[in-house]
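Below: the structure, in structure tokens.
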Amino acid sequence: MCVFCKIVNGEIPAQVVFEDERVVAFNDITPKAPTHILVVPKEHIESATEVVDSNLWSWFMDTALQVVKKLDLDKQGYRLVINTGEHGGQTVPHLHLHILAGRSFSWPPG
Ligand code: AMP
Ligand code: ZN
């Protein structure tokens, strides 16, 4: 079972900031910004490419924006990132959206 499935089923702890029927959002264990939250579907889906139910995307984004608003991240801005596959820099093979905030981010990414 992958590390995010273990967080979803409570086998390993996480600092959960939001949860509903389909997704859970928790603090990244090695934050890359003052606020670094991961939004994860409860269902094990390996990457963005594997999503078959397009309703998941609206659910996913709605959840991310609820977290953004709940934590007032929209005032100064934030960045949403989905790393996919080897070149995308994905290290955990379970779809997740990064919410990054609390500092300025450069562009383009490295
Ligand atoms: P990515 O590199 O896009 O696959 O992102 C994976 C993220 O998961 C990284 O930012 C890790 O710091 C984070 N991560 C790995 N294990 C855990 C964990 N047990 N709890 C919270 N975040 C984790
Ligand atoms: Zn998983």
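As the structure lists them, so they are numbered: ligands from 1, and atoms in each ligand from 1. Only heavy atoms go into these numbers, but all of them, side chains included; no hydrogens, no water, no symmetry mates. If you're wondering where the values come from, they're calculated on a predicted model, not measured in any experiment.
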Less than 4.5 Å apart, side chain to side chain, heavy atoms only: is that true for Phe26 and Val17? no
Are Glu46 and Cys2 close enough that some pair of their side-chain heavy atoms sits under 4.5 Å apart? no
Number the atoms of ligand 1 from 1 as they appear, then name those within less than 4.0 Å of a heavy atom of [X], with their elements.
{"X": "Asn27", "result": "21 (C)"}
{"X": "Leu38", "result": "8 (O), 13 (C), 22 (N)"}
{"X": "Val3", "result": "19 (N)"}
{"X": "Lys32", "result": "9 (C), 10 (O), 12 (O)"}

Assess the side chains of Trp59 and Asp20: does a donor N or O sit below 3.5 Å from an acceptor N or O? yes
Pairing donors with acceptors under 3.5 angstrom, does anything connect the side chains of Gln15 and Asn27? yes
Under the criterion side chain to side chain contact (heavy atoms under 4.5 Å, CB included), I'd like the reasoning laid out for Val24 against Phe18: C-alpha separation, chi angles, the key distance, then a yes or no. CA-CA 6 Å; Val24 59; Phe18 185 92; over 6 Å; no
May I ask which of Ile37, Leu95, Ile7 has a heavy atom nearer to atom 20 (N) of ligand 1 than the others do? Ile7
Say whether [X], considering both its backbone and side-chain N or O atoms, lies within less than 3.5 Å of an N or O atom on ligand 1.
{"X": "Thr30", "value": "yes"}
{"X": "Gln90", "value": "no"}
{"X": "His36", "value": "no"}

CD1 of Ile7 to CG of Leu38: how many Å apart, nearest 0.5 Å? 8.0 Å
Nearest-contact summary for [atom] - protein heavy atom, Å:
{"atom": "atom 2 (O) of ligand 1", "value": "Thr91 OG1, 2.8 Å"}
{"atom": "atom 8 (O) of ligand 1", "value": "Phe4 CZ, 3.4 Å"}
{"atom": "atom 10 (O) of ligand 1", "value": "Asp28 OD2, 2.6 Å"}
{"atom": "atom 22 (N) of ligand 1", "value": "Ile29 N, 3.1 Å"}

With the threshold set at 4.0 Å, does a side-chain nitrogen-carboxylate oxygen contact exist between Glu21 and Lys42? no
Stepwise side chain to side chain contact (heavy atoms under 4.5 Å, CB included) test for Val16 and Glu19: CA-CA 7 Å; Val16 173; Glu19 184 170 7; 4.3 Å; yes
Ligand 1 contacted by [X] (non-hydrogen, < 4.0 Å):
{"X": "His96", "value": "yes"}
{"X": "Ile82", "value": "no"}
{"X": "Gly89", "value": "yes"}

Glu11 side chain to Lys6 backbone, donor-acceptor under 3.5 Å: no
Is Arg103 reaching over with its side chain to a backbone N or O of Lys32, donor-acceptor style, under 3.5 angstrom? yes
For His36 and His98, take the angle between the two ring planes, folded into 0 to 90°, and tell me which bin it lands in: parallel under 30, tilted 30 to 60, perpendicular over 60. tilted
Between SG of Cys5 and SG of Cys2, what angle is found at the Zn ion (ligand 2), rounded to 10 degrees? 120°
Which of the N/O/S atoms in His94 sits closest to the Zn ion (ligand 2)? ND1
Hey, which N, O or S atom on His44 ends up closest to the Zn ion (ligand 2)? ND1
